[in-house]
Amino acid sequence: METQVLKITDIEKDGALLDEAAALLREGQLVAIPTETVYGLAADALNPKAAAAIYQAKGRPSDNPLIVHVSSLEEIPPLVKQVPPQLKQLAEAFWPGPMTVVMEKSPLIPSTTSGGLETVAVRMPAHPIARALIQRSGRSLAAPSANLSGLPSPTTAQHCVEDLTGRVAAIVDGGPCQVGVESTVLTLCTQPPKILRPGAVTLEMLRKVLPDIQLDEGVFEHLSDDRKVASPGMKYKHYAPKARVILVRGTLEQFQEFLRHQREEYGVLCFEEDVPALNARCVTYGKEQDPASQAHALFDALRRLDKEGFSLVYARITGEEGVGQAVYNRLLRAAAFDEIQL
Ligand code: AMP
Ligand code: MG
């Protein structure tokens, strides 16, 4: 399949390109699209064939459900069994934006889209191109991250080109994603509600609307394989570079000392300001005191580790404030939960 790259520089002037992408989506084709979190691999959420094609293009296990993206609240009632009472307040506080809400699904949602579950995950993205494509196609769009399954999520159109050329009809290039990690996923199907995946909408922010919300135990812990994961996308190893990644928690001085004792060849994933102090090949992911910069840089950094050809990587981690929890959640999976405390 030939993959077109449609570069949008001005959402008004490039309306013809948006219409082209919207027409492909209406036909049931796959289009990678920018959102404020990461690039999504979009298709008509209510067309079972289109949804099945997403799994095939990504090599995604069929039990890992897709997030359905809408551009207005009016699109939601037909997609769910009933609109939960908490949704209105959540939407007022965090939509459009990086929050996904799991609710009981209506029969309109094909089981391919819901990964065989009786629930559906819904998000209203903020990115103007994502919103324009939902509106112009007239479809709710299923859109998991536009990477090959298991690899780091794409935060630039170039990442999508690397993973999906020949597998999708088009890639819409809207520049780098602002947030850089996937949306916060929470479920309203449990009592109390739970965060299944941390993102830029943090636990502290959500508590203001849902005071009893909890973090699912799978967020920071490796659940044994026989335990049922609440969010199938949060499995053990994910976002993984080819290198073996080991998380190392400690100060810069402790990290320097730790590296001095390593005999095997290694690369380092660290903060920008660490580089001058480390006599090592470094890839950086933002600044230590700025978790938003870490989120923004993380997935590109994980991809760069492979480009550097490292087979072993020590990743420096420190505290987890705000969106730092989401960064740590992704790093744990990139490292298959391998962490050393100095
Ligand atoms: P992705 O869009 O690639 O970031 O993956 C979607 C994420 O949302 C995965 O972690 C899924 O497991 C999660 N998800 C989607 N639908 C549901 C659902 N119905 N219940 C629980 N988790 C879901
Ligand atoms: Mg994904």
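Just follow the structure's listing: the first ligand is 1, and inside any ligand the first atom is 1.
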Taking heavy atoms and a distance under 4.0 Å, where does [X] meet ligand 1: side chain, backbone, both or neither?
| X | value |
| --- | --- |
| Thr119 | both |
| Thr100 | neither |
| Thr187 | neither |
| Arg60 | side chain |
| Arg197 | side chain |

Which atoms of ligand 1 are found less than 4.0 Å from any heavy atom of [X]?
| X | answer |
| --- | --- |
| Asn64 | 9 (C), 11 (C), 12 (O) |
| Leu117 | 18 (C), 19 (N), 20 (N) |
| Pro144 | 1 (P), 2 (O), 3 (O) |
| Leu196 | 21 (C), 22 (N) |
| Ile67 | 2 (O), 6 (C), 8 (O) |
| Glu182 | 4 (O) |
| Ala121 | 15 (C), 16 (N), 17 (C) |

Would you mind checking if [Y] and [X] are paired as a salt bridge, meaning a charged N to carboxylate O distance below 4.0 Å?
| X | Y | result |
| --- | --- | --- |
| Arg304 | Glu308 | no |
| Glu162 | Lys307 | yes |
| Lys13 | Asp10 | yes |

Is there a side-chain contact (heavy atoms from CB on, under 4.5 Å) between Phe271 and Thr284 once you walk through the steps?
-> CA-CA 5 Å; Phe271 305 115; Thr284 63; over 6 Å; no
Taking atom CD of Gln178 as the centre, does the number of heavy atoms from other residues, nucleotides or ligands within less than 6.0 Å exceed 12?
-> no
Short N/O/S contact of Ser149 with the Mg ion (ligand 2) (below 2.8 Å) =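 Under 2.8 Å: Ser149 has no N, O or S contact with the Mg ion (ligand 2).
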Have a look at Pro65, Ser114, Ser145, Gly199 and point out the one with the heavy atom closest to atom 3 (O) of ligand 1.
->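 Shortest heavy-atom distance from atom 3 (O) of ligand 1: Ser145.
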Tell me yes or no: between the side chains of Tyr328 and Gln294, is some donor less than 3.5 Å from an acceptor?
->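 No, no side-chain donor-acceptor contact under 3.5 Å.
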Kindly compute the distance separating CD (Glu20) from CD (Gln4), expressed to the nearest 0.5 Å.
->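 Answer for the CD-CD pair, Glu20 versus Gln4, is 4.5 Å.
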Using the salt bridge (charged side-chain N to carboxylate O under 4.0 Å, His left out) rule, pick out the option among Glu75, Glu182, Glu36 that qualifies with Arg123.
-> Glu36
For the ring pair Phe310 and Tyr266, is the centre-to-centre distance below 6.0 Å?
-> no
